[in-house]
Every structure is written in C-alpha cells, then in structure tokens.
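Working notes, structure below.
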2 protein chains.
Amino acid sequence: MTTIADVARRAKVTTATVSNVLTQRVPVSDKTRARVLQAIKELGYRPNLVARGLAQGKTLTLALVVPTLSNPFFAEVVEEIEHVADLHDYQLLLSMTHNSPEEGKRHLERMASRWVDGFIVMGMAADIADVLSLRDSGKEVVLSVWNQDASTQTLPIVDIDFRLAGELATRHLLECGHRRIAAIVEEPVQLTRRKGFEITLTEAGIPVLPEYIRQGDSSFESGYQAALALLALPQPPTAIFAGNDWMALGAMEAIANRNLSIPHDLSVVGVDDISQAAHSHPALTTISIPKREMARAATELLLRYIQGTDIPTEPLKILVSPHLKVRQSTARINSAL
Amino acid sequence: MTTIADVARRAKVTTATVSNVLTQRVPVSDKTRARVLQAIKELGYRPNLVARGLAQGKTLTLALVVPTLSNPFFAEVVEEIEHVADLHDYQLLLSMTHNSPEEGKRHLERMASRWVDGFIVMGMAADIADVLSLRDSGKEVVLSVWNQDASTQTLPIVDIDFRLAGELATRHLLECGHRRIAAIVEEPVQLTRRKGFEITLTEAGIPVLPEYIRQGDSSFESGYQAALALLALPQPPTAIFAGNDWMALGAMEAIANRNLSIPHDLSVVGVDDISQAAHSHPALTTISIPKREMARAATELLLRYIQGTDIPTEPLKILVSPHLKVRQSTARINSAL
DNA sequence: CTGAAAGCGCTTACAG
DNA sequence: CTGAAAGCGCTTACAG
C-alpha cells in the first residue's frame with residue numbers, strides 16, 4: 001500500500017501539498033503540481049478513502065435499507081438509486097430487513113456506526129422510532145415507499161401516489177361504462193390504492209359493496225382465487241381492479257378458465273406495469289409506477305440534505321405520480337351485460 | 001458524537017482500557033470493566049467503525065459487483081450474500097456495471113480505495129484483467145457466475161454447473177422417449193447449457209441438428225418467436241429445451257396459440273425455477289438452480305480468504321449442482337408422433 | 001491489569 | 001504557494 005507520505009517524499013514536498021493537489025482545495029504552483037502528479041503516477045498511488053473519511057468526517061457512502069430484493073420493485077429501485085448515487089460519487093451500503101423491525105434496527109445502528117453520510121429507508125423496513133433516533137443523532141434520513149402516514153411528519157419522504165393509482169384505474173373503468181367494479185387488494189400495504197378506488201366510486205355515486213372487495217397477498221395465485229370468488233357471486237362484476245399486476249394476471253387466468261373472454265365479458269386492470277403485463281394475452285391494461293423517477297427523487301433529496309445546500313424549508317413530502325397504460329384487457333362495457 | 005475519549009474520561013481510565021473492554025483482546029478487571037460499560041451506557045457511545053477500520057486495516061465490508069439487479073437471478077443472489085455476510089458481521093458495498101467493462105473497472109477501483117476487505121465479482125461484470133490487478137494489489141477476490149473458463153485459473157471461483165443443467169434437462173427428455181429435441185438458448189451466456197444439451201444427445205447417439213438450435217435473448221418474447229420457428233419446420237421437434245424459464249414460458253404460449261397441447265403434443269423444459277414456473281398452465285418442468293447455495297458458498301469462501309484461516313491450498317473452483325424438477329410440461333412421448 | 005505513546009493515512013487551519 | 005503540526009477516533013505493542 002503506497003501512502004500519501006510516499007508520494008510526498010518522492011515529489012520532495014510535504015503531505016499537505018500532495019493533499020492540496022488531490023483535493024484542489026488550495027492552489028498549487030504548476031511546477032510542484034506536475035512533480036506530485038508524476039510521483040502519484042509512478043507509484044500508482046490511490047488515496048485511502050477510509051483515512052480521508054476519518055479526517056473529513058464524511059464517507060461518500062449512503063446507507064440503503066430495504067425489506068427485500070426478492071420483490072422486483074425494490075430490486076429496480078435499488079438499481080436506480082445506485083445509479084444516481086454513482087453520478088454524485090457516492091456508494092451504497094445495502095441491507096435488507098425482511099420486514100423484521102429488529103433486523104431493521106440492528107442494521108440501522110450498524111450502518112450509523114460506520115459513518116455513512118445519510119440513509120434511505122424504504123418500505124417499512126424499520127420501526128419509525130429507530131429511524132427517528134437515527135436522525136436525532138445527526139444523520140440525514142429520507143424515507144421512501146413508506147406506506148404509512150402517521151408520525152413521519154418530521155422526516156422528508158418521497159413516495160409514489162398510490163391513491164392516485166387507485167383513482168386512475170377506477171376512473172378508466174368508469175369511463176368504459178362499468179358500474180359493477182370489484183377490487184382485489186392486499187392490505188394493509190395496498191390500503192391507499194383501495195382508498196383511491198373507493199373515493200372514485202363514491203364520487204361517481206356508486207356504492208362500495210363489501211362483496212366486491214377481496215383480499216389477496218399480491219401473488220398470482222391469490223388473484224386467481226379472488227377472481228373465482230367474484231365470478232361465483234349472484235351478481236358478478238363486469239370489471240376488476242387488482243392492486244398489482246400479479247393478482248391481475250391471476251384473475252385473468254381464472255376468468256379464462258371459466259371460459260369468459262377478456263375484455264368482452266370482463267375488463268381487468270392492474271398496477272405496476274411489470275414486464276409480463278405486456279406479454280399476457282390479452283395484454284394487461286395497468287397503472288404504470290414510476291419507480292425509477294421516485295428512486296431518483298429520493299436520492300437527490302438526500303444528497304441535498306447531506307451537502308447542506310439547497311435544502312427545502314419544509315420537511316417535505318414528494319409524491320411521484322403514476323399513469324394509466326391502456327392495453328387490451330379493458331374495453332367499453334358489453335351492452336349485453 | 002461521543003468518542004472513546006469521552007468514555008475514558010468519564011470512567012477515569014485511558015482510551016486503551018476502553019478499547020480493551022470493547023475488543024476483549026486483553027483482559028480487564030471486572031471492576032473497571034463495569035465502570036467502563038456504565039460510562040458507555042450513560043453516554044450512548046458507539047464506536048466509530050471508520051476510525052477502527054483505519055487503525056486495524058480492515059473494514060468489515062465486502063464489495064459486491066454484479067451486472068444488474070433487474071435480473072431476478074442476481075437480485076436473489078445479492079439477497080443471500082447479504083444474509084451470509086451479515087451473519088459474519090460484514091456489510092455490503094454494492095455496485096452494478098450493466099455489463100460495461102469500463103463501468104466495472106471504475107467501480108472496482110473506487111471500492112478498492114475504500115478499503116473493502118474483499119470482493120465478489122459476478123457475471124462478467126468486469127474485465128478479468130481489472131479483477132486480476134485488484135488481486136495483485138492485495139485484495140481478496142472471489143469470482144462467481146463467471147460464465148467463461150479462460151484465464152480465471154488463478155482466481156477462486158464459485159459457479160453453478162450449467163453444463164449439468166443442460167444434461168439433466170436433455171436426459172429427462174430422452175428418458176421420456178423423445179428423439180427430436182430442440183433447444184432455445186441465448187449465447188454466449190448460455191453456451192455451457194447448450195454444450196450439456198449437445199453432449200447428452202451425442203452420447204445417446206442422436207445427431208445434433210442445426211435447425212433444432214435457436215437463439216433467444218432470454219426474454220419471453222424470444223422464446224415465443226423461436227418456438228414458432230421450430231413449429232414451422234417440416235419436421236418439428238417433439239420436445240423443447242429452453243435455456244431459461246422465461247423462454248420456456250414464451251415457447252409454451254406459442255405452442256398453445258398453435259392449438260397444440262402440452263405435454264401431449266410437445267414437452268417443454270426450462271432452467272431456473274422462477275416462481276412463475278409453478279404457476280403456468282401446465283406447470284413448467286425445469287432445472288432448479290441453487291442460487292442461494294451458490295451465493296453462500298461464494299461468500300463463505302471469500303471470508304475464509306479474508307480471515308486467512310482455513311484457506312484451501314488450490315486456487316479452487318466450486319461448482320454447485322442444479323437439479324431436475326418435474327412438473328406437468330413434460331411427459332412420455334405420444335406414440336402417435 | 002492499566003497507562004503513556006505512537007501510529008493508521010489522510011486533511012486542515014495556521015505561519016511564513 | 002508551501003511547510004510544520006495537530007487532529008480525525010480508534011488500536012496496539014510496550015512498560016510498569
């Protein structure tokens with residue numbers, strides 16, 4: 001390991017000067033700068049960022065805490081966060097909590113000891129109290145995909161407007177002329193989507209029927225089962241809003257197995273726009289979630305806090321808007337129904 | 001930020017003693033230990049791991065370089081690596097290269113400066129030369145999912161036996177009585193699977209027909225198209241081996257659209273065992289890839305190298321074996337074909 | 001068992 | 001513009 005002292009010796013200067021040419025914090029004469037750069041090159045010197053981190057009190061590292069990567073949603077979000085962090089010369093310390101608050105707490109504390117410059121905590125990966133104590137100990141924190149409103153008032157949060165997702169889907173079905181619209185959602189995580197669904201129905205003067213609201217667990221299979229139950233009702237719906245694409249695809253499979261045709265007999269709309277949504281038959285109409293846009297917003301906000309510049313005055317809440325992507329699984333209601 | 005000096009002052013000892021109770025490297029009398037622990041508690045002291053890293057020359061951090069997390073394969077592998085690392089009190093610095101060697105090089109160098117204790121480099125995420133130079137500069141490195149044999153001889157490597165995957169799939173189809181067996185693969189990354197496929201056919205005395213080997217890009221769509229092309233042959237195959245499950249599912253969709261029945265008219269087998277494989281209709285027979293087992297093996301091997309204990313004498317190559325998972329998409333050949 | 005001191009590899013005022 | 005010195009928060013021989 002060659003150190004800054006080796007370089008200084010070879011360039012016949014002091015380490016302060018080497019540091020100055022490296023950081024460009026203080027002007028250095030062209031002549032000595034050249035000597036130093038030459039020495040660096042000859043020695044193949046690379047600064048030790050741990051030492052620099054200790055001296056400067058910052059590590060150019062961001063801690064990212066997510067529930068899991070098995071969920072492609074988080075995998076993609078992490079990918080984008082890494083990308084944005086990289087653009088700003090930051091690296092990512094990643095950990096997963098598998099929805100266990102204890103694991104979340106453990107990871108937060110460990111990462112805090114490691115002097116990361118800031119945290120992005122996603123998806124209820126940790127208890128809000130532990131996150132708050134983090135912030136109280138002077139770390140910058142941004143929450144994201146938090147899915148719960150309460151007690152986060154004092155922390156900046158970047159989220160997706162899932163209520164709007166529910167509204168857009170429902171409004172689309174209403175505009176297609178549907179009145180008997182059912183929903184398959186996983187609660188509590190998809191509660192906001194259901195709210196959007198219900199609000200839109202109510203505003204349209206349509207009562208929300210309990211038997212038209214089914215619980216799933218976000219899996220294909222649960223969508224399949226929920227759809228079967230809906231089709232077995234005395235008065236089945238003519239359209240189904242599913243809280244995510246997997247359940248929508250499961251519902252489509254169930255409908256096909258009942259020898260009903262989509263969108264002729266039933267319309268189906270999902271949420272997410274996963275890659276399979278475009279490949280199903282018929283292709284799935286869905287609400288597309290701008291995960292990457294959200295990831296970028298969260299990362300950039302955190303970096304602003306860290307750099308202490310351009311800080312928003314209010315502890316703010318950024319909501320990124322989803323949008324409707326019409327494909328072949330929804331259509332104007334069949335007048336015979 | 002409370003430091004070790006604060007604790008020492010309060011406990012009326014020197015920082016060395018505080019350090020000793022923390023690291024347990026040197027015995028400390030029960031009495032002073034109690035005083036120190038008390039002070040730590042009162043002050044809410046947590047050691048600064050950056051400082052410790054600088055002093056000890058190790059950071060308890062592993063660098064993980066993968067091509068992307070968009071591919072669920074890598075997402076799952078990263079998840080398992082994090083888990084194993086966590087068990088050993090190591091954390092993960094993650095970066096993605098998107099198959100760009102330049103990006104790979106940049107990330108490797110940056111992480112090396114950060115004094116991570118070791119590297120896991122996956123999936124041709126970087127040029128082998130850059131990885132070797134890393135090792136030459138004293139870092140521990142383990143390759144994984146490397147997919148290329150050459151010039152890795154001197155580096156330890158943990159991989160999945162994809163050739164065996166090709167063999168298992170093909171042998172299964174042969175045992176079902178199939179003789180006209182086609183393959184859909186993405187090369188070069190799935191080259192080894194194709195080799196396993198061809199070797200098994202050849203050993204069974206069956207010629208490998210060029211028109212029975214189709215290229216895909218691992219997507220559902222490419223499997224779909226490749227299967228259509230195979231079905232259009234004057235002598236179509238009675239079984240298809242797809243290099244991954246997505247292409248297998250695409251092939252199944254194409255077969256269904258041609259009004260052929262699986263497995264009655266055609267058998268289909270994939271590789272991976274993604275979660276959708278169990279949910280397709282019929283459920284997909286596939287070769288299950290022990291990603292997590294591989295991830296664990298790679299991580300534990302790297303940790304052995306780092307800790308310098310229990311080091312294997314040979315620069316070794318560990319191959320983890322996949323296994324056949326029979327579901328409903330394969331069956332004994334229809335004697336009418 | 002405990003303390004005094006040097007060291008890890010950088011940066012940062014402060015003089016000159 | 002450059003150097004001498006202290007400091008970041010720990011650990012680690014070495015005395016005692």
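The figures here come from the full heavy-atom set of this structure, side chains too, leaving out hydrogens, waters and symmetry mates. Note that the coordinates shown come from a computational prediction; the quantities given were computed from them, not determined experimentally. Chain letters run A, B, ... following the sequence lines, proteins first, then strands; residues in each count from 1.
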Are [X] and [Y] close enough that a side-chain donor and a side-chain acceptor fall under 3.5 Å?
X	Y	answer
Glu79(B)	Thr68(A)	yes
Thr154(B)	Arg135(B)	yes
Arg52(B)	Thr23(B)	no

Could you walk me through whether Ile128(A) and Leu143(A) pass the side chain to side chain contact (heavy atoms under 4.5 Å, CB included) check?
-> CA-CA 10 Å; Ile128(A) 186 68; Leu143(A) 298 177; 4.0 Å; yes

From CA spacing to verdict: side chain to side chain contact (heavy atoms under 4.5 Å, CB included), Met294(B), Val158(B) = CA-CA 7 Å; Met294(B) 183 202 68; Val158(B) 178; 3.8 Å; yes

By the 4.0 Å heavy-atom rule, please label [X] as base, sugar-phosphate, or nothing.
X	result
Arg46(A)	sugar-phosphate
Thr14(B)	base
Ser19(B)	base

The reported gap from CD1 in Ile120(B) to CG in Leu303(B) (rounded to nearest 0.5 angstrom) is 7.5 Å

Measure the spacing between CZ of Arg106(B) and CE of Met111(B) and express it to the nearest 0.5 Å.
-> 11.0 Å

Report the secondary structure of DNA chain D in dot-bracket form, marking unpaired bases with a dot and bases paired to a different strand with |, and treating Watson-Crick or G-U pairs with both distances under 3.5 Å as paired.
-> |||.||||||||.|||

Can you label the angle between the Phe73(B) ring and the Phe162(B) ring as parallel, tilted or perpendicular, going by 30° and 60°?
-> tilted

Assign each of Val50(B) and Arg25(B) to its nearest nucleotide of DNA chain D by heavy atoms, then name whichever residue's nucleotide is nearer the 5' end.
-> Val50(B)

Walk along DNA chain C from 5' to 3' and tell me the first and last nucleotide with an atom closer than 4.0 Å to a non-hydrogen atom of chain B.
-> dC1(C) to dG9(C)

Which residue, Ala55(B) or Val26(B), contacts DNA chain C at a nucleotide closer to its 5' end, judged by nearest heavy atom?
-> Val26(B)

